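The structure displayed is predicted, hence computed values, not measured ones. This chain uses plain numbering: 1 for the first residue, then up along the sequence. Heavy atoms only: backbone and side chains are in, while hydrogens, waters and symmetry mates are out.
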Amino acid sequence: MELTVTQNVTAEDQEELLAGLRAYNSQFIDASGWGEVGVYARDENGRMTGGLIAEQKGDWFCIKYLWVSDATRGSGLGSRLMAAAEQQAQKMGCLHALVDTVSFQALPFYQKQGYQLQMTLEDFPYKGMQRHYLAKGLLR
């Protein structure tokens, strides 16, 4: 058996690995209903001013990315994006939402949205920074 170590992970290698992982996981988890959700805000010219991308994993709605442009920051757009995404999550049957953020990003924002801090990972991604994991129950 040969081991290969590389810093160039190809799309093909990643897909082959994920296919094996999915096959193993399918013995325990039905991922057939899982999927992605995108919520986007665009200005009158069609230029994106903010957006959110998440994915459903069973009963959980996992927020992967949230971005609001500098020009719209503080306008309530982030809260509107979150509310729209959470409404969609509830329609999809999700019971909980999960998000993570780095210390220089948006911890107070997520707490204002009702997310509760579950865990903090110190010195991530660098010494002196933290990665925070937050969760929220989604009411039906």
Side-chain angles (χ1 to χ4, degrees):
M1 178 181 310
E2 178 185 337
L3 293 180
T4 303
V5 177
T6 181
Q7 289 184 283
N8 180 27
V9 177
T10 67
E12 294 81 16
D13 287 340
Q14 180 173 313
E15 188 50 44
E16 186 176 354
L17 184 147
L18 290 175
L21 183 59
R22 287 183 198 112
Y24 175 78
N25 289 350
S26 69
Q27 302 171 75
F28 309 98
I29 296 172
D30 176 13
S32 61
W34 295 14
E36 290 188 315
V37 171
V39 181
Y40 309 111
R42 298 186 186 278
D43 66 15
E44 58 279 353
N45 298 316
R47 190 178 69 236
M48 189 178 294
T49 59
L52 181 151
I53 295 175
E55 61 186 348
Q56 180 181 11
K57 291 187 176 184
D59 293 338
W60 285 82
F61 188 70
C62 303
I63 298 167
K64 295 167 55 175
Y65 309 108
L66 172 65
W67 168 75
V68 176
S69 70
D70 289 341
T72 57
R73 197 160 287 142
S75 69
L77 178 57
S79 297
R80 290 176 37 219
L81 291 166
M82 293 288 292
E86 289 172 6
Q87 286 175 348
Q88 180 62 34
Q90 289 175 324
K91 289 178 186 174
M92 296 164 61
C94 295
L95 304 175
H96 315 278
L98 173 70
V99 67
D100 67 88
T101 187
V102 180
S103 52
F104 66 86
Q105 291 176 326
L107 178 61
F109 168 78
Y110 291 118
Q111 290 172 319
K112 183 178 171 186
Q113 306 306 310
Y115 286 75
Q116 299 290 316
L117 183 63
Q118 302 297 308
M119 183 187 104
T120 297
L121 184 60
E122 297 293 334
D123 295 328
F124 184 92
Y126 298 107
K127 186 171 179 62
M129 292 183 179
Q130 301 84 36
R131 187 169 185 172
H132 304 291
Y133 295 84
L134 301 98
K136 176 181 180 177
L138 299 175
L139 302 176
R140 292 207 179 241

Specify the closest pair of heavy atoms between [X] and [Y], including all atoms of both residues, with the distance to one decimal.
{"X": "Asp59", "Y": "Gly93", "value": "OD1-O, 4.4 Å"}
{"X": "Gln56", "Y": "Cys94", "value": "CG-SG, 3.6 Å"}
{"X": "Leu77", "Y": "Thr72", "value": "CD2-OG1, 3.6 Å"}
{"X": "Ala84", "Y": "Val39", "value": "CB-CG1, 4.0 Å"}
{"X": "Lys136", "Y": "Gln113", "value": "NZ-O, 2.7 Å"}
{"X": "Tyr115", "Y": "Leu98", "value": "CE2-N, 4.4 Å"}

Inset, instruction - Output all residues satisfying side chain to side chain donor-acceptor pair (under 3.5 Å) with Arg42, sequence neighbours left out; order by chain, then residue number. - result: none

Any chance you could measure [X], atom [atom1], to [Y], atom [atom2], to the nearest 0.5 Å?
{"X": "Ser103", "Y": "Phe124", "atom1": "OG", "atom2": "CZ", "result": "11.0 Å"}
{"X": "Leu52", "Y": "Gln88", "atom1": "CG", "atom2": "CD", "result": "11.5 Å"}
{"X": "Leu121", "Y": "Gln130", "atom1": "CG", "atom2": "CD", "result": "9.5 Å"}
{"X": "Thr10", "Y": "Glu16", "atom1": "OG1", "atom2": "CD", "result": "8.5 Å"}
{"X": "Asp13", "Y": "Leu18", "atom1": "CG", "atom2": "CG", "result": "11.0 Å"}
{"X": "Asp100", "Y": "Met119", "atom1": "CG", "atom2": "CE", "result": "9.5 Å"}

Legend entry - Salt bridge Glu122-Arg131, side-chain N to carboxylate O under 4.0 Å: no

Inset, instruction - Using a strict 4.0 Å threshold on nitrogen-to-oxygen distance, state whether Arg22 and Glu15 make a salt bridge. - result: yes

Inset, instruction - Report, as yes or no, whether the 6.0 Å neighbourhood of atom CD on Gln116 holds more than 12 heavy atoms from other residues, nucleotides or ligands. - result: no

Inset, instruction - Using a cut-off of 6.0 Å, state whether more than 12 heavy atoms not belonging to Gln27 lie near its atom CD. - result: yes

Does any part of the side chain of [Y], heavy atoms only, come nearer than 4.5 Å to the side chain of [X], both counted from C-beta?
{"X": "Ile53", "Y": "Val37", "answer": "no"}
{"X": "Leu138", "Y": "Leu95", "answer": "no"}
{"X": "Leu107", "Y": "Leu134", "answer": "yes"}

Inset, instruction - Return yes if a side-chain donor-acceptor contact under 3.5 Å exists between His132 and Thr120, otherwise no. - result: yes

Inset, instruction - Classify the side-chain pair Asn8/Thr6 by whether it contains a donor and acceptor separated by less than 3.5 Å. - result: no

Inset, instruction - May I have all residue pairs that pass ring-ring contact (aromatic ring centres under 6.0 Å, His included) and include part of residues 9-34, sequence neighbours excluded? - result: Tyr24-Phe28

Legend entry - Listed once per pair and sorted, the ring-ring contact (aromatic ring centres under 6.0 Å, His included) pairs that draw on residues 36-86, sequence neighbours left out: Trp60-His96

Legend entry - Backbone of Val102 reached by a side-chain donor or acceptor of Gln105 within 3.5 Å: yes

Inset, instruction - Group every Ile, Leu, Val, Met, Phe, Trp and Tyr by side-chain heavy-atom contacts under 4.5 Å, then state whether Val99 and Tyr133 land in the same group. - result: no

Legend entry - Full working for side chain to side chain contact (heavy atoms under 4.5 Å, CB included) between Leu117 and Tyr110: CA-CA 9 Å; Leu117 183 63; Tyr110 291 118; over 6 Å; no

